[in-house]
Each structure stands twice: as structure tokens, then as C-alpha cells.
Amino acid sequence: MPARETIVLPPNHAGIFEAARILREGGLAAFPTETVYGLGANATDGRAVAGIFEAKDRPRFNPLIVHVANLEAASEIALVEGDALRLAQAFWPGPLSLVLPLRPEAGLSDLVTAGLSTVAVRVPDLALARALLAEARVPVAAPSANRSGRISPT
């Protein structure tokens, strides 16, 4: 994947709109959560997800966390039931990732899950992150925005 120009967008509606467009169109976007900055890509776009692995120099056997705007969006890609549902209702939005059975119809790139039948899902608490995820209207694979093995940016 060829390098693209890095642009810094303002943390307002226009910036969120543009970052969401970039994600939907297969680009990468770094965005804050309440814990670290994530490097995001449309989790249903294999080429975009491959861009995360390339940018981070991350091994492809290492699955990615998928960020979504709410519990409903999480339920579209994973089976959220029983104890997992109770945990999600209690702690989402927030810094909790749940590893859940992947819905076969979710349409996520195999790179996201490293070919596993589970997926890590998170609904971040930061309003800016949730606004971006809602505007993007796609699940966003987003590990921390650092080179693999380096300290995560906070």
C-alpha cells in the first residue's frame, strides 16, 4: 500500500465527517479513545486492514480489536449474550474489550481475527470516538497507534 499524505483534522463535526469518509473509503485514521490513540481501518475491508499491519509493522497472526459505536453495532458482528451481554450493559461504553464468538455474516476481514472464530469488540467511552464510529457506519479495527512493540500513545 503506497504511503499517503498525513492530514490533521479538527476534533469537530467537519473533522469527524472527513475521518469517517476516509475510513469508509479504505483509508486509515488515527483517533483518540479514553485509553490510547487507535489506528483505525474499516474492519470489512481487507486492504484497509492490511494497511494497519503494514503501518505498525505488526505480525498478521495478532488479531485486532474492533471498535463500534454501541451495543447494537457490536451485536451485528459478534454474539453478545449471557455474561458477555451483562458485562457490555454494565461497562460499555468504556475501556472493556470483550472477546466474543464472531457472527459468520459479520463480513469482517479474516485479517482482523487472524482467522479465528472470535473477535475482540469494544465500545469506547470517549464521545469523539463514538461520534466517529457512528458517522463511519462501519466496524473499525483499531489497535493502538504505535509501531508494534513500542509504547502506546496516550
Side-chain angles (χ1 to χ4, degrees), residues 1 11 16-150 152-154:
M1 175 175 280
I16 290 167
F17 183 84
E18 179 63 10
R21 182 193 65 75
I22 289 167
L23 288 168
R24 280 192 307 275
E25 292 181 2
L28 302 181
F31 62 96
T33 72
E34 69 278 11
T35 56
V36 299
Y37 281 83
L39 179 62
N42 178 345
T44 66
D45 182 336
R47 287 187 62 192
V49 174
I52 291 175
F53 286 93
E54 182 179 330
K56 289 180 54 72
D57 196 24
R58 182 181 174 112
R60 291 189 181 212
F61 61 78
N62 193 352
L64 304 174
I65 295 173
V66 176
H67 292 67
V68 292
N70 53 45
L71 178 56
E72 180 182 349
S75 296
E76 292 175 7
I77 62 170
L79 296 173
V80 188
E81 52 195 20
D83 288 340
L85 177 59
R86 286 186 285 285
L87 287 167
Q89 289 169 331
F91 296 107
W92 279 354
L96 174 69
S97 296
L98 295 172
V99 178
L100 303 166
L102 176 66
R103 287 191 179 276
E105 69 275 12
L108 299 184
S109 165
D110 284 342
L111 287 172
V112 171
T113 61
L116 300 172
S117 61
T118 56
V119 62
V121 184
R122 180 171 176 221
V123 178
D125 191 30
L126 190 69
L128 178 70
R130 282 197 325 277
L132 172 60
L133 296 166
E135 183 67 36
R137 299 183 308 275
V138 295
V140 175
S144 57
N146 56 289
R147 298 287 272 175
S148 191
R150 302 260 175 93
S152 300
T154 57

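The model shown is predicted, which means the values in this text are computed figures rather than measured ones.
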Which heavy atom in [X] sits nearest to a heavy atom in [Y], and how many Å separate them?
X	Y	result
A41	V49	CB-N, 4.0 Å
A145	G38	CB-C, 3.8 Å
A88	V80	CB-CG1, 4.3 Å
G26	D45	CA-OD2, 3.5 Å
P32	A129	O-CB, 3.3 Å
S148	P59	OG-CD, 3.8 Å

Rounded to the nearest 0.5 Å, how far apart are [atom1] of [X] and [atom2] of [Y]?
X	Y	atom1	atom2	result
L39	R58	CG	CZ	10.0 Å
S117	L79	OG	CG	10.5 Å
E81	R86	CD	CZ	10.5 Å
R24	R21	CZ	CZ	8.5 Å
Y37	L126	OH	CG	9.0 Å
L111	I52	CG	CD1	9.5 Å

Side chains of [X] and [Y]: does their closest heavy-atom pair fall under 4.5 Å?
X	Y	value
K56	S144	yes
H67	L132	no
P143	N62	no
R137	E135	yes
L102	T118	no

Working note: L98 + L96, criterion side-chain contact (heavy atoms from CB on, under 4.5 Å); need CA distance, chi angles, decisive distance, verdict. CA-CA 6 Å; L98 295 172; L96 174 69; 3.9 Å; yes

Any side-chain donor paired with an acceptor under 3.5 Å for N146 and R150?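 Short answer, no.
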
For P63, which of V119, V99, L116 qualifies under side-chain contact (heavy atoms from CB on, under 4.5 Å)?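 Testing each of V119, V99, L116 against P63, the sole residue satisfying side-chain contact (heavy atoms from CB on, under 4.5 Å) is L116.
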
side-chain contact (heavy atoms from CB on, under 4.5 Å) evaluation trace for L71 with V123: CA-CA 7 Å; L71 178 56; V123 178; 5.7 Å; no

More than 12 heavy atoms of other residues, nucleotides or ligands under 6.0 Å from CD of Q89: yes or no?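 Correct, the count exceeds 12.
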
Quick check: are there more than 12 heavy atoms from other residues, nucleotides or ligands sitting under 6.0 Å from CG of D110?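 Atom CG in D110 is not crowded, with 12 or fewer foreign heavy atoms closer than 6.0 Å.
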
Between R60 and A114 (side chain of the first, backbone of the second, donor and acceptor by atom type, cut-off under 3.5 Å), is there such a pair?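 Such a contact is absent between R60 side chain and A114 backbone.
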
When you look at W92 and V68, which way does the side-chain contact (heavy atoms from CB on, under 4.5 Å) test go after all the steps? CA-CA 11 Å; W92 279 354; V68 292; 5.7 Å; no

Begin with the C-alpha distance, continue with both residues' side-chain angles, and end with the deciding distance and a verdict on side-chain contact (heavy atoms from CB on, under 4.5 Å) for N42 and E25. CA-CA 8 Å; N42 178 345; E25 292 181 2; over 6 Å; no

